[in-house]
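Order of the sequence lines sets the chain letters (A, B, ...), proteins ahead of strands, with each chain counted from 1.
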Amino acid sequence: MAEASFRGRTSRVRWSDLDPFRLLWRGLVSVRFALGLIGFLAIASLVGTLIPQLPVEMRGNPAAEAAWIEFQHGNFGFFTDPMATLGLFQVFRSLWFVSALALLVVSVCVCTANRLPPIWRNVFTPQTRVPDEYLTRGDATVAIASPDVVALTRQLQKRRYRVTTSVENGATYLFADRYPWAQFATFVSHLALVLFLAGGFVTVVTAREQELLIGEGEPALPVFAIDAPDHMQVAVQDAIGRFDETGFPLYYGTKLVIYRNGEEVARGTTTVSDPLHYNGYTFHQSLYFPDGASLRVRDLTTGRLVYEEVLPLTSTAATPRVVVRDATGNLVLDDDIVPTDFIADAAGTTMALPGSDRQFWVGARPGDETTPWQLVVFETSADGAQAVLNPGQTRDLGGYTISFTGIVDLPSATVTGLPGAGGDSVAEMSQADSGTVLTVGPVDGHALALSPNQPVTIGDYEYTFGGQREFAGITVRRDPGSMFIWIATGLFLLGLALTFYTPRRRLWGKIDTNQAAFRGLGGRQIAIEREIREVAAKAAAAE
Amino acid sequence: MSEQEQPPELESRPQSRREWSGWLRSVVLPLGLVVAIVAALLYVQSGGGSSEDDGFGTVALPATKNVTAESPEASRDRAAPDFLLRQLDGGTLRLSDLQGQPVIVNFWATWCYTCRAETPDLIDLYEKHQADGLVILGVNLRENEGAVASFVQDFGISFPVVFDRTGEVATTWRIGGPNQGVPSTYFIDRDGVVRKVVFGLVTETLAAEGLSLILPSGAS
């Protein structure tokens, strides 16, 4: 019999009390210790929530981490470096937090493991006989007139009790046990807690996540480090966005192909709510972006491709819409003027008027609060006559009537390394009557207006706009800890249900010739007493 | 019933009982269970320890081909780690077989913007110094062969391209990290010794510096 079951434990220090394993065990099974750990972790979590944490994408990059910490000096000043040393900017990955979490897991595991044997014995070999003193002393005793044992047993069995009786010295000893297995509820709840903690631990240690922005026609982009065992590559075959006539989104989806070690390993469509799965990883659609452009440049002297990119046009360029009429009122031009160069604070371009060899530089510049944009126009070849127009205004300039109808924001991007450009260029995409147009410039001092698959040659280079390309934002995620969390949630609910809906109740009784004494465990004492009296009454009525 | 025959005190709250069953069962066994579970999780996480050992990847550099007194390492003045990889055209190529020639090993991928940007310059470099015995070896990292073949054809890559399918060579050559580590370019002399390492774009200046160290006539 376990010594903890007996009364009268001595306070004398024994050698076994100094056993380091036993001391460790006492700490691990101590409820106070566990509560202390939980309190510590709760406070640490609060700290980790309130203090900015190092962004995931900067982890493992010493330069980025140092720059981020440097930036935090603006917030925390003198305390920044000590806080960084203490790991307060990476609380959930800090050694002390993970160690405390692991210690709590160990504590709960040890505690749970140590409770299993006594619970097991209690369920399968319960104590059916108790001392008479237990039944006759104290307020918990229920004393009633002696019922008929057989009738009483039958009534208890109707209430799902398992009943055993024995006769000693003329008295009948009764033991009734209902839902004994419900005793395991505490074990189930502890197991759920262990799994919750283990799930959190596994998530902190092993969860992986990466965001990708991939364009149609782009090479498959890498997921995770090139030297990582789970390195993969993801290509977008088709990014789909459907909208109603008001522009309200109806559907986003992306057809993906996943490669691993050079082999195609999965293919399918992912959406926001229905991700593509591969090898424990989920590929969620997190973004749809329609404004991409495919641009290729070929070196005509060698015939080789020297530039091939799918450009995400993530910026916008303020583009003035201009209407030009000649002196007789005929429409000469009605178009968005895509800027390709800058003069002072104005972004614009040189515009050749159709049917004329005259050129005007037209651009937009920031205005003031009432008129955010102004149109600047001057004729390049004449004496510098110029005009500044607000939206909606019209001016006569060099024999033409020029109207500034307003500003349109076009998708644009800065292009680096474009052959023939000699520096950074700007690419803007617009919709013309003839279709989508990609304007790129300056290239050799020119602005190229490229229509899909219609190459334009400047110098030794041939520029081809491959057409509009859509982009998809893909979130690649793997969290083995989530499985533990789901199982833990189920077990936790099961433990609660067992505890509250099927609580174990045990009744012990001694039935003498004249009177009977009962005592029970499981639930409130008043409920136990009421049940004993009800059962006894029904047994008496059944006699 | 005697005192010793009496049943023990009724356990009023048996679920709160803790029972010392000896250090083995009370401490070591639960801790061992935790360690086993964590180890199993980590094993599953690591992919079950499976590997694709098809004979390709990093191979031992023969001692006769190591002119340095140190073990091979992808850093300056160390013998270049040897590898055996499949070529795009179907053949195989072993780095140490190229000893006697100056070699530029360029780790690249089609998804790498800088790799795409430097490819035309590497082609020019190769064509200019091929007569000097220069070999440029493009080591593609874990990509699909079809995509690589298409890229090689479009860009007109004339130097040999090999496939590091599993990333084993990349690991040996310390390619990786948060920025993926590509492109990385190693200038290796005729003795198989790394003379210059360039992480990122190989500019004209860096290429000239590297070539001056491995070409007998230097860069020109």
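Summarising the geometry of B:A60 relative to B:R94, their closest heavy-atom pair is O-NH2, 2.8 Å, with the distance given to 0.1 Å.
Only the side chain of A:E309 has a heavy atom closer than 4.5 Å to any heavy atom of chain B. Proximity to chain B (any heavy atom under 4.5 Å) is shown, for A:A235, by neither the backbone nor the side chain. Contact of B:T119 with chain A is not made at all, since no heavy-atom distance falls under 4.5 Å. Contacts between B:E143 and chain A at a heavy-atom distance below 4.5 Å involve backbone atoms as well as side-chain atoms. Interface residue A:L221: backbone and side-chain heavy atoms are both found under 4.5 Å from chain B. Both the backbone and the side chain of A:T416 have a heavy atom closer than 4.5 Å to some heavy atom of chain B. In this structure, no portion of B:E118 lies under 4.5 Å from any heavy atom of chain A.
Comment: A:E263 does not engage A:R260 in a salt bridge, judged by the lack of any side-chain N to carboxylate O separation of less than 4.0 angstrom. Comment: B:D164 does not engage B:R142 in a salt bridge, judged by the lack of any side-chain N to carboxylate O separation of less than 4.0 angstrom. With respect to the salt-bridge test (charged N to carboxylate O, under 4.0 angstrom), the residues B:K196 and B:E209 qualify.
Atom CD of A:E264 has more than 12 heavy atoms from other residues, nucleotides or ligands within 6.0 Å.
Taking the side chain as every heavy atom from C-beta outward, B:L211 and B:L125 approach each other to under 4.5 Å.
Of the listed residues B:F163, B:F151, B:Y113, the one with more heavy-atom pairs under 4.5 angstrom with chain A than any other is B:Y113. Your options are B:D154, B:I123, B:T110, and the one with the most heavy-atom pairs under 4.5 Å with chain A is B:D154.
Test A:D132, A:T128, A:V130 against A:Y173 for side-chain contact (heavy atoms from CB on, under 4.5 Å) and you get one pass: A:D132.
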